[in-house]
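Okay, structure first, notes after.
Just so you know, ligand 1 is whichever comes first in the structure, and atom 1 is the first atom listed for that ligand. Treat the numbers as computed from the prediction; the structure is a model and nothing was measured.
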Amino acid sequence: MRLQDVYMLNVKGLARGVFQRVTGSAVTDLYSPRRLFSLTGDDCFQVGKVAYDMGDYYHAIPWLEEAVSLFRGSYGEWKTEDEASLEDALDHLAFAYFQAGNVSCALSLSREFLLYSPDNKRMARNVLKYERLLAESPNQAVAEAVIQRPNVPHLQTRDTYEGLCQTLGSQPTHYQIPSLYCSYEANSSPFLLLQPIRKEIIHREPYVALYHDFVSDSEAQKLRELAEPWLQRSVVASGEKQLEVEYRISKSAWLKDTVDPMLVTLDHRIAALTGLDIHPPYAEYLQVVNYGIGGHYEPHFDHATSPSSPLYRMKSGNRVATFMIYLSSVEAGGATAFIYANFSVPVVKNAALFWWNLHRSGEGDGDTLHAGCPVLVGDKWVANKWIHEYGQEFRRPCSSSPED
Ligand SMILES: O=C(O)CCC(=O)C(=O)O
Ligand SMILES: [Fe+2]
C-alpha cells in the first residue's frame with residue numbers, strides 16, 4: 001500500500017502484474033516485467049483485508065473491489081489455495097463502504113451477498129438497516145464520501161518526496177549547466193593516480209557528487225556477504241535513544257575494519273578521494289543497509305539536529321559528510337531523493353554518492369534533507385560511511401560565512 005501511494009499505482013494494474021503510474025489520463029510504466037504475474041481474487045482479498053483490519057478503508061475498498069470483480073469472474077471455480085470466497089469479499093466490501101459513508105454501495109453489495117447466502121441473518125439485518133438509513137436521508141445515496149488517505153499529516157514534504165520518487169531518479173537535464181560536469185578525480189593522491197575515479201557533480205549547494213564504479217562487482221558482493229549474518233532491523237536516533245520506526249524500514253549491520261582487509265582498502269580509497277581523515281574516531285564504521293520491497297527511509301538529515309543525539313558520544317563532533325555506496329542495482333524504485341534541493345539520484349550499482357551535511361560554519365545544512373525511496377521491485381543494498389567534523393580542521397577549513 002505504501003508502494004501504491006508513493007508511486008501512484010492503480011490496483012487494477014497491480015492485480016494484472018503491471019506497474020503503472022496513473023495521473024488523470026496519463027499512464028506511465030514504472031516497471032515493465034518480462035512476464036506478467038496476475039493476482040487472484042484471493043490475493044486481492046488478502047491485501048484488502050490487511051487494510052480493512054486496520055480500519056483503513058481508503059486502501060481496503062479498491063483491493064476488495066478488485067477481489068469482488070475477480071471472484072465474480074471465476075465464480076464456480078474452486079482453487080485449493082483460496083482462503084476467501086466471493087461472499088467474504090462482498091461482506092467486507094459492503095462494510096467498508098458503509099464505514100466510509102457510502103450506504104447505497106453497502107446496500108447493493110449486501111443484497112448481492114444474500115443471493116449466494118440467503119439464510120445469513122446478520123446480512124439480512126444489515127440490508128434492513130441500510131434501507132432504513134437511505135429512506136431516512138435519501139441523499140446518502142449520492143453522498144460519495146471522500147475518504148482521506150491515512151497517515152499523511154506528519155510529513156509536510158510528502159508531495160515533493162513522492163514526486164521525486166516517481167521520477168525514479170531525476171532526468172539528466174543539467175548538461176547545459178556549466179558548474180555540473182564530469183571529470184576524472186585523482187585528488188592528487190598517489191592511490192588514485194593510475195586509477196582515477198569518474199566523478200559526476202550532481203548538484204551545487206548542497207554539493208552532491210556521484211563517483212561511478214567506486215567499488216567493483218566483487219567488492220560489492222563481498223560487502224553484502226560480510227554484512228548478511230549481522231543484519232538487524234535499522235534504528236534511528238531519537239533524543240538519546242535508538243528506536244525502530246516506520247519511517248526507516250531496512251536492515252543494517254556495522255562492519256569494523258578488522259572484519260576483512262578489504263574494508264581497510266576501501267577506507268584508503270574513501271580517504272584518498274575525499275581528502276578527509278576517516279581514522280577512528282573521525283568516521284563511523286561502515287554501515288551496510290538492505291532494503292526489501294517497500295523498504296524506505298523517509299526524509300531525514302544524517303547529521304544530528306539536537307545536542308543530545310547519541311552521535312556525539314563519539315566525541316568527534318557532528319557528521320560533516322556522508323559517503324554512500326550503492327552495492328546493488330534495483331529493478332524499480334529506491335532512488336535517493338533530495339527534497340529541498342529537488343532532485344533524485346537513481347540507484348547506480350557500484351557508484352558512491354558524496355555530500356556535505358554541514359556548512360563550513362559547523363551549522364547543519366537544512367538543504368540536505370534526503371530520503372531513500374521505497375523499493376518497488378528488487379533488493380537494494382547501500383553502505384554508509386559517515387565522516388565527522390573533528391580531524392577535518394585542515395582538510396575542510398571552517399568559515400564564518402553561513403553560506404559556505
Ligand atoms: O538509501 C538511500 O538511498 C538513502 C539512505 C540514507 O539516507 C541513510 O541511510 O541515511
Ligand atoms: Fe541519510
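Between Arg319 and Glu284 there is a salt bridge, with a side-chain nitrogen of the basic residue lying less than 4.0 Å from a carboxylate oxygen of the acidic one. One finds a salt bridge joining Arg269 and Glu219 here, because a Lys/Arg side-chain nitrogen approaches an Asp/Glu carboxylate oxygen to under 4.0 Å. Between Glu185 and Arg198, no side-chain nitrogen of the basic residue sits less than 4.0 Å from a carboxylate oxygen of the acidic one, so the salt-bridge criterion is not met.
Per-residue contacts place Tyr297 under 4.0 angstrom from the following atoms of ligand 1 (heavy atoms of the residue considered): 6 (C), 8 (C), 9 (O), 10 (O). The distance from ligand 1 to the heavy atoms of Trp386 drops below 4.0 Å at these ligand atoms: 10 (O). With ligand atoms numbered from 1 in the order given, ligand 1 contributes 7 (O) to contacts under 4.0 Å with heavy atoms of His370. Under a 4.0 Å criterion applied to the non-hydrogen atoms of Arg248, ligand 1 contributes the atoms 9 (O). Every atom of ligand 1 is numbered from 1 in the order shown, and the set under 4.0 Å from a heavy atom of Asp302 is 10 (O). Near Thr336, the atoms of ligand 1 lying under 4.0 angstrom from a non-hydrogen atom of the residue are 2 (C), 3 (O).
For atom 5 (C) of ligand 1, the closest non-hydrogen atom of the protein is Tyr291 OH, 3.3 Å. The closest protein non-hydrogen atom to atom 2 (C) of ligand 1 is Lys380 NZ, 3.2 Å. Summary of contacts: the protein heavy atom closest to atom 4 (C) of ligand 1 is Met324 SD, 3.6 Å. Ranking the protein heavy atoms by distance from atom 9 (O) of ligand 1 puts Asn384 ND2, 3.0 Å first.
Where the criterion is an N or O separation shorter than 3.5 Å, residue side chain and backbone included, Trp355 fails it with respect to ligand 1. Ligand 1 has an N or O atom lying under 3.5 Å from an N or O atom of His300, backbone or side chain. Considering both main-chain and side-chain atoms, Gln287 never comes within under 3.5 Å of ligand 1 through any nitrogen or oxygen pair.
When distances from the Fe ion (ligand 2) to the N, O or S atoms of Asp302 are compared, OD1 comes out shortest.
Residues Phe338 and His203 are not in side-chain contact: their nearest non-hydrogen atoms beyond the backbone lie 4.5 Å or more apart.
Relative to the six-membered ring of Phe98, Lys129 meets both conditions, a distance below 6.0 Å and an angle of at most 45° to the axis. Both cation-pi conditions hold for Lys380 and Tyr291: the charged atom is under 6.0 angstrom from the six-membered ring centre and inside a 45 degree cone around its axis.
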One pair to check against ring-ring contact (aromatic ring centres under 6.0 Å, His included): Tyr297 and His370. What are the steps and the verdict? CA-CA 9 Å; Tyr297 197 167; His370 64 280; 7.2 Å; no
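For the atom pair Tyr161 OH and Cys373 SG, the distance stands at 5.0 Å (nearest 0.5 Å).
Shown are Lys349, Arg224, Lys222; of these, the salt bridge (Lys or Arg N to Asp or Glu O under 4.0 Å) with Asp217 is made only by Lys349.
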